[in-house]
Enquirer: 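Pasting a structure below so you can have a look.
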There are 2 protein chains.
Amino acid sequence: MVDQKNPEHDAIEALYFAYRAFTAEPDRILAKQGLGRAHHRILYFVARTPAVTVGELLNTLEISKQALASPLRRLLSDAYITQTPDTQDKRVRRLQLTPKGRKLESALSTAQSAMLRRAFEHVGAQDRRAWLDTTRALSALAKP
Amino acid sequence: MVDQKNPEHDAIEALYFAYRAFTAEPDRILAKQGLGRAHHRILYFVARTPAVTVGELLNTLEISKQALASPLRRLLSDAYITQTPDTQDKRVRRLQLTPKGRKLESALSTAQSAMLRRAFEHVGAQDRRAWLDTTRALSALAKP
DNA sequence: GATTATATGTCAACTATATTGACTTACTGG
DNA sequence: CCAGTAAGTCAATATAGTTGACATATAATC
């Protein structure tokens, strides 16, 4: 590497390679089911937010409903996710993982957790908290 | 957020949102020139590795030469990058940023550096090093 | 009760980014 | 001379996203 005038260049590069490594193993697991990263994100947020609505998912993922439609349809038809109308407002559809969906989502999260655990292995609890705080600070810099 | 059985879930989510925030501003700058993330990666690695060859770029980016061809052609024809045959081995093409390419790449790196600086603002030098070490450890976990 | 607003779904056309396979051109090196 | 290597190109295909237009069902409001 050359041209290190900027002290943040190391971090830019590290984050690029880290993210690529971080998504590689989930991508391999998903590919076995003929699924991709778009399906992963849906599975992830439905797992983290049970009974999430389609609209909430759109806000979180920041994609158009047309972009959500195709991977979500696939997850519904392959029985990874179920959809039930809200009891109060029947226009709203609430999403849940099926046991099959939970199993796949768990495999994906386990793979990523394992990578993080290995990355944290040689740093202390203080450093671990520093990593999370900094990474969250970065998230928070998203433009409105 | 629910279902926090796994202590790494916070980190998985933070990294997803951090990476999205981190690429958003470069994406906006690139879009003004009608370019995308593929062009950014090429500009970045040509900037960091002057006189890099096409083959080295393919190895670094881990994409097919057909996937590289179209964005690289665009960067050459729009004079962001120049291509000169190696003096020793005339089959090899060495890539360099033009002043125009350096200017764009610098704008992109500056935007990302600024985000990192802001994220690091409230953590100490020790924590900063911890973040970089951990993120690099994550990069290093890529399967061969 | 009629109208308006909201939540979701769907079709269509387009773009960007990637893949694999097949082939060409130019050059290198034994 | 010939085999191998570096790069480029064409074609077909897949995925993931966009915007625009429109449909349907339900809720909320005047």
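Residue numbering restarts at 1 for every chain, and letters A, B, ... go by the order of the sequence lines. These numbers come from the heavy atoms of this one structure, side chains and all, not from hydrogens, waters or symmetry mates.
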Enquirer: Would you state whether a donor and an acceptor, one from the side chain of B:R91 and one from the base of D:dT5, lie under 3.5 Å apart?
Expert: yes
Enquirer: Are the side chain of B:R74 and the backbone N or O of B:G34 linked by a donor-acceptor pair below 3.5 Å?
Expert: yes
Enquirer: With respect to the side chain of B:D89, which nucleotide from D:dG8, C:dT28, C:dT10 is positioned closest?
Expert: C:dT28
Enquirer: How would you label the contact of A:R74 with the nucleic acid (heavy atoms, under 4.0 Å): base, sugar-phosphate, or nothing?
Expert: nothing
Enquirer: Any side-chain donor-acceptor pair under 3.5 Å between B:E105 and B:S109?
Expert: yes
Enquirer: NA contact type, A:A67, heavy-atom cut-off 4.0 Å: base, sugar-phosphate, or nothing?
Expert: base
Enquirer: So which nucleotide from C:dT8, D:dG17, D:dA16 ends up closest to the side chain of A:V54?
Expert: C:dT8
Enquirer: Would you say C:dT10 has OP1 or OP2 under 4.0 Å from some side-chain N or O of A:R73?
Expert: yes
Enquirer: Any base atoms under 4.0 Å from B:Q88, or only sugar-phosphate, or nothing? Heavy atoms, all strands.
Expert: sugar-phosphate
Enquirer: Remember a base hit wins even if backbone is also touched, and classify A:T53 as base, sugar-phosphate or nothing at under 4.0 Å, heavy atoms.
Expert: sugar-phosphate
Enquirer: Just how far, in rounded Å, is C1' of D:dG4 from NZ of B:K90?
Expert: 18 Å
Enquirer: Does NZ or CZ of A:R48 fall inside the cone over A:Y44's six-membered ring, less than 6.0 Å from its centre and within 45° of the axis?
Expert: yes
Enquirer: State which of C:dT17, D:dT9, D:dT19 makes the closest approach to the side chain of A:S64.
Expert: D:dT19
Enquirer: Assign each of A:K65 and B:Q83 to its nearest nucleotide of DNA chain D by heavy atoms, then name whichever residue's nucleotide is nearer the 5' end.
Expert: B:Q83
Enquirer: If you take the centroid of each ring, where Trp contributes its six-membered ring, are A:F22 and A:F17 closer together than 6.0 Å?
Expert: no
Enquirer: Assess whether atom NZ of A:K100 is packed by more than 12 heavy atoms of other residues, nucleotides or ligands within 6.0 Å.
Expert: yes
Enquirer: Give one of base, sugar-phosphate or nothing for B:R94, where a contact means two heavy atoms less than 4.0 Å apart.
Expert: nothing
Enquirer: Assess whether one donor atom and one acceptor atom, taken from the side chain of A:Q66 and the base of D:dG20, lie less than 3.5 Å apart.
Expert: yes
Enquirer: Side chain of A:V92 only, please: which of C:dT8, C:dT10, D:dT9 is the nearest?
Expert: C:dT8
